[in-house]
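Here the structure is laid out as structure tokens; the discussion comes afterwards.
Remember, it's 1-based here, ligands and their atoms both numbered in the order they're listed.
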Amino acid sequence: MGPKAVRHYAPLIQETVRRSFAVFDAFAESGRSWNAYQYMVKLASETIGKVILGQNFGHLVNADAPFHPIPLSILTMFQLNKRVASRGAWYQNLPFGDPKKLRETHKLCYALIEGIVSDIETSDTAMPKMPMAEAALKASNLVEYLIKGTDEKGETFPRSMIVPNIVMLTSAGFTTTASLLSWLIYSVTEHPGNQERLLQELLNNGVSETTEWSVDLVSKLSFLDKFVKETQRLHNPAFQPARTAKTDVIVPGGYRLKADSVVVCALHSLHTNPNHWHDPSQFDPDRWDTAEVKGRHRGTYLPFATGPRGCIGFNFALLEAKIIFSELMYRYEFIRDGSENVQYDPEFQLVRPLNLYVSVRRRTNLSMK
Ligand code: HEM
């Protein structure tokens, strides 16, 4: 998804986050604290559900709305995948316990997505088949685009590949951005002064309750950009992309890898390597203005990995996180509940905060700023 393609989604992201105010206003009124990751999952999956599947998951109706079975099954798979895979091949085939639950959840998730694909396929109101470029503009979601868009030979995307790809995209599309949004909330509550700076930048750029969000507006928010980068430097949702060498190869530094070697890149170590980052554990959004950081080696910061198998959704992810976070910052002040260390979830495939609880206060009197 290139920067031009994602422009199209700004109104949908804006509409989704504004729907979530029903939930967060209720929290503000009651003073109840809530688990940041859980509610950011509800919010982020609502956006992805619309973009990819054309579904409204119903998460934002009220604060206690239950999780839809699709995101719930994906979250369960993310939890069980790591637990099962880390115990060796013999364990994966056990006919009981977590391995069995993982197989059942996998089956359920595929069946639910298959149901949506079949419904769109057989719907009387779905658009007719048309060339991909036209379908990209007319399709109301990604599934419809894959079913109806044709290539130069008049062929559509192979049917058997639609469900696995949609499961992968839906999973990659909300578990990650929910984590980034949670870490953004963590960063504002943990580092005093940043909420005020973010809010001031929104006001300086004329943001109000009725702002129509666009890529152009987002790109003017330079402090927000630095804040997001600094949060991803220290708390990136993805932490260890792996690559397999296809042939024997000597990599920079003179290390020889045999074919089939797996190289795991520890992103957090890269992002906090003291040879490249001054005072690396310090949260300092302004470091992104320094000559040291501007002139850094391009391999020192890879939150979305890189190369042909790098993240295809990073433009969308950043647009989504920046619009949602700005809307939340404009409307609420965030307060951390509790002061214990935030725990990373060791059994999840991504880095997410397990025990980050926050409450919100509605902002008033913004004109005084
Ligand atoms: C903050 C949010 C995100 C982060 C930090 C992130 C990070 C990454 C990373 C590090 C990889 C490489 C993984 C590996 O090789 O093991 C990756 C791959 C991928 N990402 Fe993202 N991602 C984010 C959001 C998204 C979104 C919103 C989408 C889709 C809408 C998406 C779709 C994908 C897909 C499909 C791949 C696999 C690409 C391939 O294998 O060719 N990601 N992402």
Side-chain angles (χ1 to χ4, degrees), residues 1-3 5-10 12-13 16-17 36-37 40-41 43-55 70-71 74 78 81-82 85 113 136 141-143 145-146 157 161-187 218 224-225 227-246 262-271 298-325 344 348-353:
M1 287 190 220
V6 304
R7 284 178 175 262
H8 183 59
Y9 295 114
L12 171 80
I13 299 168
T16 310
V17 63
Y37 188 73
M40 290 306 113
V41 161
L43 186 42
S45 59
E46 201 72 29
T47 323
I48 277 298
K50 261 270 183 293
V51 171
I52 296 183
L53 305 165
Q55 299 288 306
I70 290 180
I74 289 171
F78 267 56
N81 268 338
K82 197 162 173 206
I113 303 257
N141 54 67
L142 190 69
V143 172
Y145 168 71
L146 292 182
F157 195 73
M161 288 171 67
I162 292 183
V163 173
N165 274 286
I166 290 295
V167 170
M168 210 265 274
L169 266 167
T170 309
S171 315
F174 76 87
T175 50
T176 48
T177 41
S179 169
L180 175 55
L181 284 162
S182 309
W183 289 118
L184 290 171
I185 291 173
Y186 170 80
S187 298
V218 170
L224 173 66
D225 186 58
F227 188 84
V228 172
K229 284 193 171 105
E230 187 66 349
T231 300
Q232 283 197 273
R233 187 180 69 79
L234 288 175
H235 310 285
N236 195 47
F239 64 107
Q240 49 180 30
R243 297 290 179 266
T244 308
K246 281 187 165 173
V262 177
V263 180
V264 179
C265 174
L267 296 182
H268 187 72
S269 302
L270 271 187
H271 292 181
R298 67 192 169 93
T300 53
Y301 180 70
L302 299 174
F304 296 100
T306 187
R309 301 311 295 264
C311 181
I312 60 162
F314 77 94
N315 282 308
F316 180 84
L318 289 174
L319 183 71
E320 181 187 7
K322 287 179 176 182
I323 294 178
I324 290 181
F325 188 57
Y344 289 58
F348 203 64
Q349 274 179 287
L350 294 166
V351 179
R352 63 167 177 177

Heavy-atom closest pair (His268 atom, Arg233 atom, distance to 0.1 Å) is ND1-O, 4.4 Å
Ligand 1 atoms nearer than 4.0 angstrom to some heavy atom of Gly310 are 38 (C)
**Study point:** Any N or O of Arg309 closer than 3.5 Å to N or O of ligand 1
**Key:** yes
Taking only non-hydrogen atoms of Ala305 and a 4.0 Å limit, the atoms of ligand 1 in range are 10 (C), 12 (C)
dist Glu46:CD -> Ile324:CD1 (nearest 0.5 Å) comes out at 10.5 Å
So the atoms of ligand 1 within less than 4.0 Å of a heavy atom of Ala238 turn out to be 7 (C), 10 (C)
* **Any Arg243 heavy atom less than 4.0 Å to ligand 1** => yes
Ligand 1 to Pro241, heavy atom cutoff 4.0 Å, flagged ligand atoms 14 (C), 15 (O), 16 (O)
Closest to atom 6 (C) of ligand 1 among protein heavy atoms sits Phe304 CD2, 3.5 Å
A student checking ligand 1 against Leu180 at a 4.0 Å heavy-atom cut-off should list atoms 1 (C)
Inset, instruction - May I ask you to decide if the ring planes of Trp183 and His235 are parallel, tilted or perpendicular, using 30° and 60° as cut-offs? - result: parallel
Rounded to the nearest 0.5 Å, the CG atom of Leu184 sits from the CE atom of Met40 at a distance of 10.0 Å
Among Pro303, Ala172, Pro237, the residue with a heavy atom nearest to atom 25 (C) of ligand 1 is Ala172
Handout entry: Side-chain (Ser179) to main-chain (Thr175) donor-acceptor, under 3.5 angstrom
Key = no
### Message
Go through it in stages, so that I can follow the logic: the residues are Phe325 and Phe227, the test is side-chain contact (heavy atoms from CB on, under 4.5 Å), and I'd like the CA-CA distance, side-chain angles, deciding distance and then a yes or no.
### Response
CA-CA 11 Å; Phe325 188 57; Phe227 188 84; 3.9 Å; yes
Any heavy atom of Gln240 under 4.0 Å from ligand 1? The part involved is neither
* Do any nitrogen or oxygen atoms of Asn236 lie less than 3.5 angstrom from nitrogen or oxygen atoms of ligand 1? -> no
Ranked by distance from atom 30 (C) of ligand 1, the top protein heavy atom is Met1 CE, 3.7 Å
Among non-hydrogen protein atoms, atom 2 (C) of ligand 1 lies closest to Thr176 CB, 3.5 Å
Separation between OG1 (Thr177) and CG (Leu319), nearest 0.5 Å, reads 11.5 Å
heavy-atom search around atom 37 (C) of ligand 1 in the protein gives Met168 CE, 4.2 Å
>> Could you go through Leu169 and Ile312, starting from their C-alpha distance and side-chain angles, then the distance that decides it, and tell me whether this counts as side-chain contact (heavy atoms from CB on, under 4.5 Å)?
In response: CA-CA 10 Å; Leu169 266 167; Ile312 60 162; 4.0 Å; yes
On a heavy-atom basis, the closest approach of Ile113 and Ile166 is CG2-CG2, 3.6 Å
Out of Thr231, Leu267, Ile312, the nearest non-hydrogen contact to atom 34 (C) of ligand 1 is supplied by Ile312
Practice item. Kindly assign one of parallel, tilted or perpendicular to the pair Phe314 and Phe304, based on the angle between their ring planes and the thresholds 30° and 60°. Key: tilted
protein heavy-atom neighbour closest to atom 8 (C) of ligand 1 works out as Cys311 CB, 3.6 Å
